Amino acid sequence: MTGNNVCAVNRYLAPLLPGAILIIFAAVILPRMLLFFYLGGELPAPPRDQPLYIRVAGRIAQGEGFSFSADEGMLRDLHMNDRESSPWISRSDYVFGLTPVETPTAVMEPGYPILLGIFFRLFGAVSGSVFTINLLFALGGAFAVRKLVMDVWGAESGLMAAVLWSLYPPYVYYSAYAMTETAHFALLMISSMLLLSAGRGEGKGLLAGISLGAFFLIRATAIFLIPLELLYLAWRKRWKALLFISAGFVIAVSPWVARNWISMGEPLLMPTKGVLNFLTRNDPATLALEGVFVPEDIPVYNTELLEFPTVDSIPGELARSRALGEAGRTYVLSNPRLMAWLAWNRATGFLAPGGSTLGTRGMLAGLIIYPLMLLGTIGLWRNRSHPEAVFLFALFVLYFFIHVMAHGGVRYRLPVDAVFLMGVVLGTCCGRGKS
């Protein structure tokens, strides 16, 4: 079916609101149901971070609060601590070498474990609870994409973009995982849709700020969106919206900050594990365990800063987080050549098709990202007169630089693949927007 034929179908169906809604529901639900049955109702492998989220959610469901059990500490000690090569401290009463067990923690974002804990409490600790949460996020993301595109480029464009987003294979794949990926994909679209609406003067920005705060409570990456969103609103001269979005963010995150102040003694905003990632993701020994090998001709200085302090010398999560953060900053600043090489490596990994994440078959399937990027960029360029198109491309650029400096890899690019999915619609079949 040609692009013109696709749009002809969309022009007929999109004005029929119930029909468009049913199409989006089907596009979201059917492939994910097929994946669920294909997996036999089990969570997919490899497990990745799923056990961590599931165990923390289980404690929340049992009324133990946001913390780690002693069993979790022993499990991490047994399975993560290769005594000769691992940077993790060998203490079963600490998790990640950072946070004590059986005490309140702020080691990671609370949003997804709390949601999972609520669903475990209501429906049991079963894979169906994971599937239902991710399905709801996917539906929210699809309808957000539809509205984002429809409000500027018309109903037929909005429907096509929502369907492409819903059927995008990596988004379907990760919807089976008990991790934050699907929530990330969806909340990025929801918060962007609300921001762009505020930028056109169709909303005051409070909901955009609240959605961004909710996004942050699930993935702290959202903190880097704040400057971009504020700059966008300033560019559009929406000064009241700028204030409202800031207020909304504060409203959303304030319970988390207050909880940390009461339970841990400090009004923490950022999860403490961020400093651990900052340190270990720049450690050649840790990277080698993941198959990333720093060239031998690149000198590495101050490697003693990579050693974890003993628990006896620096006890407690907050003190250890501060010590690791300071060590990480000093180490990074003393190794500019290493950081430049890692930045290049992460940039290529960010734009890769995904072999290290999804295996050989996943890499072959992931090659589709290159024509999507090409066609999507053409579509965004054609619509560059629309501030919304400029924002969407800036969103991709922001994610690129965030992860070039931090993690990199295709998993971190996937959320902004949506930019090119929408760009494909704008550039190949559905015109240049409303007049």
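Because the structure is a prediction, the values reported are computed rather than measured. Heads up: numbering here begins at 1 and tracks the sequence. Side chains are part of it too, since the values below use all heavy atoms of this structure and drop only hydrogens, waters and symmetry mates.
To the nearest 0.5 angstrom, Ile245 atom CD1 is 15.0 Å from Lys204 atom NZ. Rounding to the nearest 0.5 Å gives a distance of 8.5 Å between CG of Leu217 and CG of Leu269. A distance of 11.0 Å separates CG of Leu139 from CG of Asn134, quoted to the nearest 0.5 Å. Atom CG of residue Leu242 and atom CG of residue Leu233 lie 5.5 Å apart, to the nearest 0.5 angstrom.
The shortest distance between side-chain heavy atoms of Met108 and Val56 falls below 4.5 Å. With contacts defined as side-chain heavy-atom distances shorter than 4.5 Å, the pair Phe308/Tyr94 does not qualify. For the pair Leu148 and Val145, the minimum side-chain heavy-atom distance is 4.5 Å or more.
Other residues, nucleotides and ligands place no more than 12 heavy atoms under 6.0 Å from the CH2 atom of Trp261. With a 6.0 Å radius and a threshold of 12 heavy atoms from other residues, nucleotides or ligands, Arg121 has its CZ atom at or below the threshold. Around atom CZ of Phe401, no more than 12 heavy atoms belonging to other residues, nucleotides or ligands sit under 6.0 Å away. For Met405, the CE atom sits in a loose shell: 12 or fewer heavy atoms of surrounding residues, nucleotides or ligands are nearer than 6.0 Å. Remark: Ile368 CD1 is loosely packed, at most 12 non-hydrogen atoms of other residues, nucleotides or ligands lying under 6.0 Å away. Surrounding CH2 of Trp344 are at most 12 heavy atoms belonging to other residues, nucleotides or ligands under 6.0 Å away.
Aromatic pair Phe143/Phe25: centroids less than 6.0 angstrom apart.
Relative orientation of the Tyr232 and Trp235 rings is perpendicular, given thresholds of 30° and 60° on the angle between their planes. Between Phe96 and Phe68, the angle of the ring planes goes over 60°, which puts this pair in the perpendicular group of the 30/60° scheme.
The heavy-atom pair separating Tyr112 from Tyr177 by the smallest distance is OH-O, 3.8 Å. Considering all non-hydrogen atoms of both residues, Ser192 and Leu395 come closest at OG-CD2, 3.9 Å. When all heavy atoms of Leu116 and Val130 are compared, the pair lying nearest together is CD1-CG2, 3.8 Å. Closest non-hydrogen pair, Leu98 versus Ser321, comes out as CD1-N, 3.7 Å. Residues Asn302 and Ser334 share a closest heavy-atom pair of ND2-OG, 3.1 Å.
Phe396 pairs with exactly one of Phe420, Phe391, Tyr412 by the ring pair (Phe, Tyr, Trp, His ring centres under 6.0 Å) rule, that one being Phe420.
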field: salt bridge (charged side-chain N to carboxylate O under 4.0 Å, His left out) assessment of Asp297 paired with Arg337
entry: CA-CA 10 Å; Asp297 61 341; Arg337 188 176 172 191; 3.7 Å; yes
- prompt: Which is it for Ser69 and Arg55 under the side chain to side chain donor-acceptor pair (under 3.5 Å) test, yes or no, and what are the steps along the way?
  reply: CA-CA 8 Å; Ser69 68; Arg55 291 190 186 96; over 6 Å; no
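Of the N and O atoms on the side chains of Tyr168 and Asp417, at least one donor lies less than 3.5 Å from an acceptor on the other residue. Defined by atom type and a distance below 3.5 Å, a donor-acceptor pair is missing between the side-chain atoms of Thr286 and Arg281. Side-chain polar atoms of Ser129 and Thr132 form no donor-acceptor pair below 3.5 angstrom. Inspection of the Glu317 and Thr105 side chains reveals an N or O donor paired with an N or O acceptor under 3.5 Å. Judged purely by distance below 3.5 Å, without hydrogens or angles, the side chains of Arg346 and His403 never pair a donor atom with an acceptor atom.
Every side chain to side chain donor-acceptor pair (under 3.5 Å) that Tyr399 has, sequence neighbours left out, goes to His184.
A salt bridge links Glu102 with Arg59: at least one charged nitrogen is closer than 4.0 Å to a carboxylate oxygen.
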